[in-house]
Number of protein chains: 2
Amino acid sequence: MKRGKVSIRDIARECNVSVATVSRVLNNSGAVKEETRKLVQSVIDRYNYRPNELARGLYTQRTKSIGVIIPEVTNHFFAKVVLEIEKAAIEYEQTVFLCNTLSDNALQDFYTLRLSEKQVDGLLLLGGRANETKTNVQYVKLLKDYIYPTPVVIINGKLDNYYDNCASVSSDEHEAMFQALDYLTSLGHRKIGFLGGKRGIMSTDIKLNALKEAESSFNYVMKEEWIKLSNYTYQGGVDAMLELLKEKELPTAIISINDEVAAGIINTCISKGYSVPDDFSVLGFDNSSISTVTMPKITTLSHPYEELGSIAVDFLNNMINDKPLKDVTNINLKMNLVERESCSRPRRDT
Amino acid sequence: MKRGKVSIRDIARECNVSVATVSRVLNNSGAVKEETRKLVQSVIDRYNYRPNELARGLYTQRTKSIGVIIPEVTNHFFAKVVLEIEKAAIEYEQTVFLCNTLSDNALQDFYTLRLSEKQVDGLLLLGGRANETKTNVQYVKLLKDYIYPTPVVIINGKLDNYYDNCASVSSDEHEAMFQALDYLTSLGHRKIGFLGGKRGIMSTDIKLNALKEAESSFNYVMKEEWIKLSNYTYQGGVDAMLELLKEKELPTAIISINDEVAAGIINTCISKGYSVPDDFSVLGFDNSSISTVTMPKITTLSHPYEELGSIAVDFLNNMINDKPLKDVTNINLKMNLVERESCSRPRRDT
DNA sequence: ATAATTAATGTAACGCGTTACATCTTTTAT
DNA sequence: ATAAAAGATGTAACGCGTTACATTAATTAT
């Protein structure tokens, strides 16, 4: 085993100093005579020497790498969060391993193990297993068996009460539904539908529950026939809307599980000769890029992307460095309404 | 320094065998008595032991990690390629470090160094420095100084002839423009414009050059006034189209630098009372998700995403394992036309 | 000038999996 | 039964940066 790259010993030899001294100038630690430091630094530069993070991590038990597991980066929501995570991680000198599970649970397990072998300092989970309404026990066991005590932070999901070195940062979708309902009812809507999503997934169940709970606070009616679940895609929006259109009585406003679905709904309305927002106000969720390209542009509830990423990374880093996480380990961030063009006062009977 | 996790020595002690034997069952290498193997394996399982990849990598000089540097994952094109890269990488048991430069060259340099310290087995570059028409010499020097001899593969870009352990995989955008022109002229268009993009960036310059070269092969005219560069965004499409609309004479077909720009163009046309494709046929590029949500849907030239990712990773792996790369180290893959709704025969004088 | 501090620097072990090489068994051949 | 070959397992060095501890040099105090 011989390495092409130069090692700290090569530098030490060249400088006639010990590796300890080189290490000291490398880390700006310990006392090193200015003269020595300059000499060593010059040799380091001349040889384009960079310390081997593997060796460093092996000894320090810190790899400065964190793992991020998501369903798919091609989904704009995840892409935005990943970007924010990375921007925040860089502040802590962490580099991210990105793992796409393709919503395949076995693959999520596989990656979890893989990241454990890579000795990541922390794990960030979003979607998939972490966004199921009833926490998956086997997955938690996997974490306990192979990841513990490495800290885990969940974004928009949960696992807490099961894995005890875990925190979470979420968008408050429950409260967001109240905002949505407040907005829509104040616009004059009384008949409100809900399209897209899938039961068993937190982001759907939370909204559905809020929809029911809010009925007593706001002046609207929600009928089961106005709830058409499908999935989270554009096509899901099309399908759900087509389904809704079969009903004899129709709502005047529609809340969509996300913007992709909202886009599908809007385009379906238009294709069928309806106007948005005149015939149907369509409210989106997420504030993803698609929301500004439909016509009309989508009024939507935005995730606090930047905070979601930065707070999650903060949490993770505090845990990595054993700093107490104040009182709360699970925080909910407010979503905010971005008014664009897809909602207005209802044209028809309110 | 004491570790919480169990190490190979713990397993060895528990089994009353040497670490070599444990290592052998771990890697299925060397001769191990079936009985011993079973014993060791059972202890490994019981202790939830997983080998430390850092230690392994330190000795083997292979980290099974590759670095991917891109401008931003939030850009759908990059997200798709990254996803394909990862799907391909998993076949080679590689995990990917994702680095977003935010199109900041200093950050790209920073990440390049960082990945070098992480001892990645290979580097995958897309966009940014690797997509500038004139290769950035300083960046190549950085690669030579700190990355070499680690192999590098560029996707949709180049650096070749400079860094000698480098291959590239690209979409043939030049040929794609010929396809585009062939398609548009055969539809009857003779006046063709080009919107979006930015000079100095390969994906723009290649198309622009092709546009000029192709004039002798196809029956169309291209005027300088019909070329409005801006950038690669939706807003860029809006701006460019608004600019174009100021001209007295207008083209009947427009080629956009990408689908985001095409979407901006389409929506601008519609807002201004024009019809797409009747008044203007608008052709996109990339086949990104936005192309199916505009109305009309965008006819576009698609990148061979899956191959782009898998071939790039193949190349990288061959280089990592010192397998010769056949003859070619730079390959061009055919893009293909996806017909949707944004192009038709011209309504006006052809 | 000498002792007492403080500053610089060196030595060697450590973290953990791998593997070349050596040693000890077991099996096969004669 | 004995030598030769094959199989199983162990020992220890290695990859490389870090750091506790020891040692030596330079200052400061007395």
Side-chain angles (χ1 to χ4, degrees), chain A residues 1-41 43-44 47-65 93 114 116-121, chain B residues 1-41 43-44 47-65 93 114 116-121:
Chain A
M1 276 298 145
K2 197 53 180 307
R3 224 325 178 175
K5 292 196 182 176
V6 318
S7 79
I8 197 172
R9 277 166 239 266
D10 297 319
I11 301 296
R13 188 176 322 112
E14 178 75 15
C15 298
N16 277 311
V17 298
S18 71
V19 293
T21 298
V22 179
S23 180
R24 287 185 192 103
V25 347
L26 236 30
N27 299 296
N28 244 291
S29 66
V32 180
K33 205 198 297 173
E34 185 53 24
E35 193 186 326
T36 312
R37 148 165 280 120
K38 288 229 283 270
L39 167 65
V40 173
Q41 189 58 56
V43 174
I44 285 174
Y47 281 71
N48 300 318
Y49 168 70
R50 292 275 76 202
N52 182 327
E53 272 285 344
L54 291 194
R56 179 178 289 181
L58 186 56
Y59 184 83
T60 63
Q61 306 289 344
R62 277 288 99 103
T63 55
K64 289 287 180 187
S65 298
E93 313 198 278
R114 170 72 65 81
S116 150
E117 296 171 4
K118 296 273 184 201
Q119 314 296 126
V120 292
D121 292 341
Chain B
M1 276 298 146
K2 197 50 179 309
R3 229 313 181 184
K5 292 195 184 178
V6 319
S7 79
I8 197 172
R9 277 167 241 266
D10 297 320
I11 300 296
R13 188 176 321 113
E14 178 76 16
C15 297
N16 276 312
V17 298
S18 71
V19 293
T21 299
V22 179
S23 181
R24 287 184 192 103
V25 348
L26 235 29
N27 300 295
N28 243 290
S29 65
V32 180
K33 205 199 297 174
E34 186 52 25
E35 193 185 325
T36 313
R37 148 163 282 119
K38 288 227 286 266
L39 167 66
V40 174
Q41 189 60 54
V43 174
I44 285 174
Y47 280 72
N48 299 320
Y49 168 71
R50 291 276 76 202
N52 182 326
E53 271 286 344
L54 291 193
R56 179 177 291 181
L58 186 57
Y59 184 83
T60 63
Q61 306 288 345
R62 261 318 76 111
T63 55
K64 289 288 180 186
S65 298
E93 314 197 278
R114 170 71 64 83
S116 150
E117 295 170 4
K118 297 273 185 201
Q119 313 297 124
V120 291
D121 291 341

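These figures come from a predicted structure and were not determined experimentally. A note on names: the letters A, B, ... follow the listed sequences, proteins ahead of strands, and every chain is numbered from 1. Side chains included, hydrogens not; waters and symmetry mates left out as well; all remaining heavy atoms used.
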Please pick, from [options], the nucleotide with the shortest atom-to-atom distance to any side-chain atom of [X].
| X | options | value |
| --- | --- | --- |
| B:Val19 | C:dG17, D:dC16, D:dA12 | D:dA12 |
| A:Pro51 | D:dG17, C:dG15, C:dT18 | D:dG17 |
| B:Thr36 | C:dC16, C:dT18, D:dT9 | D:dT9 |

Q | 5'-most by nearest nucleotide on DNA chain D - B:Gly30 or B:Ala55 | A |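 Final value for this comparison: B:Gly30.
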(Q) Which is more 5' along DNA chain D, the nucleotide nearest B:Arg24 or the one nearest B:Leu54? Just name the residue. (A)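 Result: B:Arg24.
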Atom [atom1] of [X] and atom [atom2] of [N]: how far apart are they, to the nearest Å?
| X | N | atom1 | atom2 | result |
| --- | --- | --- | --- | --- |
| A:Glu53 | D:dG17 | CD | C1' | 10 Å |
| B:Lys33 | C:dC24 | NZ | P | 17 Å |
| A:Lys118 | C:dG15 | NZ | C1' | 18 Å |
| A:Arg56 | D:dG17 | CZ | P | 8 Å |
| B:Ile11 | C:dT18 | CD1 | P | 13 Å |
| B:Glu34 | D:dG7 | CD | P | 15 Å |
| A:Glu35 | D:dA26 | CD | P | 11 Å |
| B:Lys5 | C:dG17 | NZ | P | 10 Å |

Side chains of [X] and [Y] in contact at under 4.5 Å (non-hydrogen atoms):
| X | Y | value |
| --- | --- | --- |
| A:Ile11 | A:Tyr47 | yes |
| A:Ile8 | A:Ser23 | yes |
| A:Val40 | A:Arg37 | no |
| A:Val6 | A:Asn48 | no |
| A:Glu117 | B:Asn52 | no |

Which is true for [X] with a 4.0 Å heavy-atom rule: it touches a base, it touches only sugar-phosphate, or it touches nothing?
| X | answer |
| --- | --- |
| B:Ser29 | nothing |
| B:Ser23 | base |
| B:Asn16 | sugar-phosphate |

Q: Return the 5'-most residue of the pair A:Arg9, A:Ser18 with respect to DNA chain C, ranking by each residue's nearest nucleotide.
A: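 Nearest nucleotide further toward 5': that of A:Ser18.
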**Q.** Cationic N near anionic O, under 4.0 Å, B:Arg56 to B:Glu53
**A.**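 Here B:Arg56 pairs with B:Glu53 in a salt bridge, since their nearest N and O are under 4.0 Å apart.
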Is the phosphate of [N], meaning OP1 or OP2, less than 4.0 Å from a side-chain N or O of [X]?
| X | N | value |
| --- | --- | --- |
| B:Gln61 | D:dC16 | yes |
| B:Asn52 | C:dG15 | no |
| A:Tyr49 | D:dG17 | yes |
| B:Ser7 | C:dG15 | no |
| A:Tyr59 | D:dA20 | no |

